Visitor: 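Have a look at this one before I ask anything.
Chain letters run A, B, ... following the sequence lines, proteins first, then strands; residues in each count from 1. Bear in mind that the values here come from a model prediction, so they are computed numbers and not experimental data.
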Amino acid sequence: QKEVEQDPGPLSVPEGAIVSLNCTYSNSAFQYFMWYRQYSRKGPELLMYTYSSGNKEDGRFTAQVDKSSKYISLFIRDSQPSDSATYLCAMKKTSYDKVIFGPGTSLSVIP
Amino acid sequence: EAGVTQSPTHLIKTRGQQATLRCSPISGHTSVYWYQQALGLGLQFLLWYDEGEERNRGNFPPRFSGRQFPNYSSELNVNALELEDSALYLCASSPELAGALTGELFFGEGSRLTVL
């Protein structure tokens, strides 16, 4: 079993839809959770960062962490064509640990 | 301010050869990370350097090695290349303490290695 799993997609939604992206993980030691966005032919960039369980909102993006279920989510409201990218969940056990990435979900937002 | 720069952009080698990839972090960043992104496998952690020392290493064979120079730039060396080493190699940097607290890594655009 991989440490971090994501549905690879591709996920295709119409503009304006609410998008839900999810990751599951196997190691309960993970405490720090991140979502990165990667556009084609670019390096990933950090979108959201959360510590432990709970929700965090930033504009159209909301990150949720449920440590009891080992499940994290990213919601995108009012999706835009510019949101078309691969979304990677990432996590680490301590603040000074290496960051482990999921395989990514490819999202296309159709105008 | 310049971002993380990597060279070369593309590299073609044959089996058994050696490849050297280079990375310059953002000015002021002391930590450099290397990841391999192969098709369908996502980003696999390779190496982490900070202040010239290797801090952590992923589950890769010893033919993957690297170093960090006094100016914090870094080199990744892959010896005895195999076909499955074909991938995008991404370098990232972080200002050590801030990166540890936020998990933010600043990535370059990668070096694509093709092994024939």
Visitor: Kindly say whether A/K98 contributes a backbone atom to a donor-acceptor pair with the side chain of B/Y33 at under 3.5 angstrom?
Guide: no
Visitor: If two hydrophobic side chains count as joined below 4.5 Å and joins carry through other members, does A/W35 share a cluster with A/L11?
Guide: yes
Visitor: Looking at A/E45, A/Q38, A/R41, which one has more heavy-atom pairs under 4.5 Å with chain B than the rest?
Guide: A/Q38
Visitor: Let's test your reading of the structure: which of B/L90, B/V4, B/N56 forms the most heavy-atom pairs below 4.5 Å with chain A?
Guide: B/N56
Visitor: Is any residue of residues 107-116 of chain B within less than 4.5 Å of chain A by heavy atoms, and which ones?
Guide: B/F107, B/G108, B/E109
Visitor: Tell me whether the count of non-hydrogen atoms from other residues, nucleotides or ligands lying under 6.0 Å of CG in B/L39 goes above 12.
Guide: no
Visitor: What part of B/Y35 is in contact with chain A, defined as an atom under 4.5 angstrom from a non-hydrogen atom: side chain, backbone, both or neither?
Guide: side chain
Visitor: Counting only heavy atoms not in B/N59, do more than 12 sit closer than 6.0 Å to its CG atom?
Guide: no
Visitor: In this structure, are over 12 heavy atoms from other groups packed under 6.0 Å from B/R63 atom CZ?
Guide: yes
Visitor: Are B/L46 and B/V78 joined in one hydrophobic group, where the rule is that I, L, V, M, F, W and Y side chains link up if heavy atoms are under 4.5 Å apart?
Guide: yes
Visitor: Should A/V99 and B/V32 be counted in the same cluster of Ile, Leu, Val, Met, Phe, Trp and Tyr side chains packed under 4.5 Å apart?
Guide: no
Visitor: Given a strict heavy-atom distance threshold of 4.5 Å, which part of B/Q37 is in contact with chain A: side chain, backbone, both, or neither?
Guide: side chain
Visitor: Is there side-chain contact between A/Y36 and B/L43, with heavy atoms separated by less than 4.5 Å?
Guide: no
Visitor: Flag yes if A/V65 and A/Y87 sit in one hydrophobic cluster, no otherwise; membership is Ile, Leu, Val, Met, Phe, Trp, Tyr, and two members link when side-chain heavy atoms are under 4.5 Å apart.
Guide: yes
Visitor: Is B/E53 atom CD crowded by more than 12 heavy atoms from other residues, nucleotides or ligands, each under 6.0 Å away?
Guide: no
Visitor: For the hydrophobic clusters of this structure (ILVMFWY residues joined by side-chain heavy atoms under 4.5 Å, transitively), does one cluster hold both A/L46 and B/W48?
Guide: yes
Visitor: If I measure from the heavy atoms of chain B, does A/P44 come under 4.5 Å with its side chain, its backbone, both, or neither?
Guide: both
